[in-house]
Amino acid sequence: MSKRIIITIIALLALQVHALDVNNVAGSLSERINDLNVTSLTVTGTMNAEDFYFIADQLHNLSNVNLTNVTVLACRTAQLHYWQQNFSDGELPAGAFGGMAITTVKLPSSLKMIGKGAFADCNRLTNVTFPATLDSIGDYAFASCTALQTVTLPANVVKVGRGAFMRCTSLTTIQVSSPSRLQHIDATALMDCPALTTVKLGNALQTVGERSLAGTGIKQLDLTSSTSLNELGDWAVVKTPVTQAKLPSSVKTLGQGAFLYDDALNEVTLGGRIAQLNDYMFAGTGLTALNLTGVSTVGDYVLYNTDRMSVVELPATITWLGTRSMAGMTGMTAITSNATEVPALGENVWQGVNQSKVPLTVPSGALDRYKEAEQWREFMFDAGWLMGDVNLDGEVNIADVNMIVRIIQGAEYDEGTMTRADVNGDGEINIADINVIIKIIQTGSAYAPAYVNVNDQLHLDDIAMRPGEERTLAITLDNASSYSALQCDITLPAGLSLVNSASDSNHTGETNEMDEFTSRSVFYSARCMDFVDDHAVLYITVRADNALAIESQILLSNIVLADDTETAWHAADCVAQVKNSTGIEDLSAKADRVWVEGRTLCIDSRHEGSAQVSAINGTTRPIQLTAGMNRHELEAGFYVVVLNGKSYKIAIK
């Protein structure tokens, strides 16, 4: 027999020796194991705390443990661990495997509780099989298990103890099986788990303790499925890269400093039932907006140095703003208080904010009280104009951009106009103010009114496209007057996507997606140069796919044109027909045309007949048509017009 074969046989025998199956009677495991070098251990029968502490003290080479068929019995004679000596039925003793080199463990199928520090510092542990009967996990039970990557808790678990999984540096996911009974995540339970990005804690969750998620890698914190959650503890989410946080409407208490200096945080949904924002809650975050509905008290330093938030709106319920609660909010451009009684203030609430440049809007009956109140009176009291409405026509649109362009070029206006033109409130009028207005236009809140006050209009030819084809379309201006800026909404049908948009070399701007089908384009000239007659003012590149219907349409709506009089001119909507073609490039010039102008449905019909107009609520009515142009007034809403077997979707605004 060769030497290599002999060595292999010896190695196999050694492995057999180090894998043991033991049928045990509680308290006698030390008598049933003679080989202390065992690496794999399966136990059946009964065990108590004395057996677990024998394993911890003597079996230092143990790697795999299978206790599935063990019943854990009470014990009152075990050695003292974590200041505990008496243990109940179904309780894995405190410190049972603490610091051991085990990699996998299958826990007893009838286990109810995992004791304090039971697996603390088991830095090789990668896999734990939890029994369905488990209802609680003790303090620090898996603390510093640095190889543990995923944890799925059984549905029966009600409580996860303090620091239970803290410093599990490889942990990426923790979730609970459904239907979950998990109610409490205690303080620091998941603290300092930098790889942790997925947290699903079930709908029975009620409390998340102090610093419970601090130092994790969570970027999207969505707790809206935890519909029983009422409290998120102090400093709960500090030192994380979280960008968005969504809380369910059940949350009533958000702890002090809950999101302190999470500088990537730009969006929070509070749920609407939180009456008090505790100290330091959002200090140093990247929030750009915050809905404070229902809030009555804002504590000290709550929004300290949140310098990316431009507009602040305080609800009618607000009664108190704490010391430096909004200090350092240097990006603030406007503030509104809906409280009729002037809210009381702590010290230096707006320290560092240039209040004299920030307009304050208050209820009309409370204006004098705010003007007399300490700190409040430092604001610029809004004279009733809309932020960004430089030309004071009641709208924010491309005409306001043109007005700022002319101011930058040296035009002089009255003091009120110059104040309104400094949109960002930095004391200067420059391109930054233009950027703010464009952002306002692009938010979706600045739709042009549904009326037409000029005959000039945009025009887009009908087209035919194949699925997979990409084409650049020219939008022209049929005009009698000259314009140097425009904005419009481009609504594409299903199956047609916007690849790019651009204007001529004299104009700059951008296109922003408003929803799945509609984009908004804004273009202006930094030199106030007019669009050239008989040339395209806008080019859009579109791509067709297999979802493109046989016949559909492109809608240009909310069209605003601006000229050198700083007036906004609203043009009629433009509709271009789109056909799904296998190569047909020419469309009949005699085809029916359907479009809208303001609240008027326009139908250019080839001959007499009728059309069916169906509203979104299902009601349908016929419209009699004459050959040529037909106009019918409709209420605001979405409609489908059926004409000669073809369907046209229209929007009346």
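Keep in mind that the numbers below use all heavy atoms, side chains included, and drop hydrogens, waters and symmetry copies. Numbering starts at 1 and runs along the sequence shown.
Using a 30° and 60° split on the angle between ring planes, Phe87 and Tyr53 fall in the perpendicular class, above 60°. Note: Tyr301 and Tyr280 have parallel aromatic rings, judged against thresholds of 30 and 60 degrees for the angle between ring planes.
In summary, the side chains of Glu267 and Thr243 do not present any donor paired with an acceptor at a separation below 3.5 Å, with no hydrogens or angles considered. For the residue pair Arg181 / Asn156, a side-chain donor-acceptor distance below 3.5 Å is found, with atom types taken as modelled. A donor-acceptor contact closer than 3.5 angstrom links the side chains of Thr491 and Thr518. Between the side chains of Ser63 and Thr39, not a single donor N or O lies within less than 3.5 Å of an accepting N or O.
Side-chain atoms of Asn512 never come within 3.5 Å of backbone atoms of Arg520 as a donor-acceptor pair (strictly under, hydrogens ignored). Using modelled atom types, one side-chain atom of Ser226 and one backbone atom of Gly202 make a donor-acceptor pair closer than 3.5 Å. When atom types are taken as modelled, the side chain of Asn278 and the backbone of Leu254 share a donor-acceptor pair closer than 3.5 angstrom. Distance alone, capped at 3.5 Å, places no donor-acceptor pair between the Asp279 side chain and the Gly299 backbone. Proximity of a side-chain donor or acceptor of Ser212 to a complementary backbone N or O of Asp186 within less than 3.5 Å is not detected.
Pairing each heavy atom of Trp235 with each of Ala214, the nearest pair is O-CB, 3.9 Å. Scanning both residues, Gly215 and Thr240, for their nearest heavy atoms gives N-CG2, 3.7 Å. Contact between Val158 and Leu182 at its shortest, heavy atoms only, is O-CD1, 3.4 Å.
Considering only heavy atoms from C-beta on, Asn230 stays 4.5 Å or farther from Thr253 through its side chain.
The side-chain hydrogen bond (donor to acceptor under 3.5 Å, both in side chains) with Thr44 is formed by just one residue from the set Asn23, Asn69, Thr71, Asn24; it is Asn23. Put simply, the residue from Asn66, Asn64, Thr129 that forms a side-chain hydrogen bond (donor to acceptor under 3.5 Å, both in side chains) with Thr104 is Asn64.
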